[in-house]
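Scroll down for the structure; my scribbles are underneath it.
Bear in mind that the values here come from a model prediction, so they are computed numbers and not experimental data. Position 1 is the first residue of the sequence, and the numbers go up from there.
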Amino acid sequence: MQGRESGRRPLANMKAGAFLDLKRRLLALGADHTALGLLDAAMDADRIIGAALAPPKDPALHPLAEWVHTRDTAHMIAWAVNGTPPPALRGRSPSRRGPVAPAPLMGAQDRTSFFANLREAVDTADGGDSRALLRRQALYLTSYDRSPEANSWAAHALHAR
């Protein structure tokens, strides 16, 4: 998630040529082709998660307001917020060395902030068609929230329109 906790920079900050070289090198080293194919979706998910955790001052600059994210991107976000692996990766047994988390799950505090900020984006994205994409996509992503208050908020948000 934007490299905050690990001290690493986001993969999306790499130069395009270096990123392509990395993908080719990983393939040559035997990396899973399907997993590498999800790198673009993972970078989009990272950008969306980062913007949800630290929303831009101008809602028009939120990634959810700029483009319609793909199903693969939504699956990567779901993996980060509730541990559900993307369908393309389910049933795979990656070779790993040493102890590793079963999923790239966000911490509880980040997850709470993520959903609170998405709900705020939905509530403030009223104001015409220019913010409809942000509102629609943020509302969709709030459906991944498994907290007790999430269902009542979603029902209210859907019926309020």
Between atom [atom1] of [X] and atom [atom2] of [Y], what is the distance when rounded to the nearest 0.5 Å?
| X | Y | atom1 | atom2 | result |
| --- | --- | --- | --- | --- |
| Lys23 | Leu39 | NZ | CG | 6.0 Å |
| Leu89 | Trp79 | CG | CH2 | 5.0 Å |
| Asp44 | Leu64 | CG | CG | 10.5 Å |
| Asn82 | Arg146 | CG | CZ | 4.0 Å |

List in chain and number order the residues that pass side chain to side chain contact (heavy atoms under 4.5 Å, CB included) with [X], two or more places apart in sequence or in another chain; answer none if no residue qualifies.
| X | value |
| --- | --- |
| Ala74 | His69, Tyr140, Tyr144 |
| Ala52 | Phe114, Leu118 |
| Pro87 | His75, Arg90 |
| Pro55 | Asn117 |

(request) Spell out, yes or no, whether Leu27 and Phe19 are grouped together once hydrophobic residues are joined by side-chain heavy atoms under 4.5 Å, including indirect joins. (result)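 Looking at the clustering, Phe19 is in the same group as Leu27.
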(request) Find out if a path of hydrophobic residues (ILVMFWY) with successive side-chain heavy-atom gaps under 4.5 Å connects Leu36 to Leu22. (result)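 Yes: a chain of side-chain contacts under 4.5 Å links Leu36 to Leu22.
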(request) Would you indicate whether the side-chain heavy atoms of Leu133 and Arg136 approach each other to under 4.5 Å? (result) yes
Closest approach of [X] to [Y] (non-hydrogen atoms, all atoms of both residues):
| X | Y | answer |
| --- | --- | --- |
| Ala138 | Ala121 | CB-CB, 4.3 Å |
| Pro56 | Leu61 | CG-C, 3.9 Å |
| Pro63 | Ile48 | CB-CG1, 4.0 Å |
| Trp67 | Gln137 | O-NE2, 2.9 Å |
| Leu141 | Phe115 | O-CE2, 3.4 Å |

(request) With sequence neighbours excluded, tell me which residues meet salt bridge (Lys or Arg N to Asp or Glu O under 4.0 Å) with Arg119. (result) Asp145
(request) For residues 57-66, pull every pair meeting side-chain hydrogen bond (donor to acceptor under 3.5 Å, both in side chains), keeping only residues two or more places apart or in separate chains. (result)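 For residues 57-66, and leaving out neighbouring residues, the side-chain hydrogen bond (donor to acceptor under 3.5 Å, both in side chains) pairs sorted by first residue read Arg47-Glu66.
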(message) Tell me whether Arg111 contacts the main-chain N or O of Leu105 through its side chain, where contact means a donor paired with an acceptor under 3.5 Å.
(response) no
(request) Determine, step by step, whether Met76 and Thr73 satisfy the side-chain contact (heavy atoms from CB on, under 4.5 Å) criterion, reporting the C-alpha distance in whole Å, the side-chain angles of both residues, the deciding distance to 0.1 Å, and the verdict. (result) CA-CA 5 Å; Met76 296 304 260; Thr73 298; 5.7 Å; no
(request) Taking atom CD of Gln109 as the centre, report whether more than 12 heavy atoms of other residues, nucleotides or ligands fall under 6.0 Å from it. (result)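 Open.
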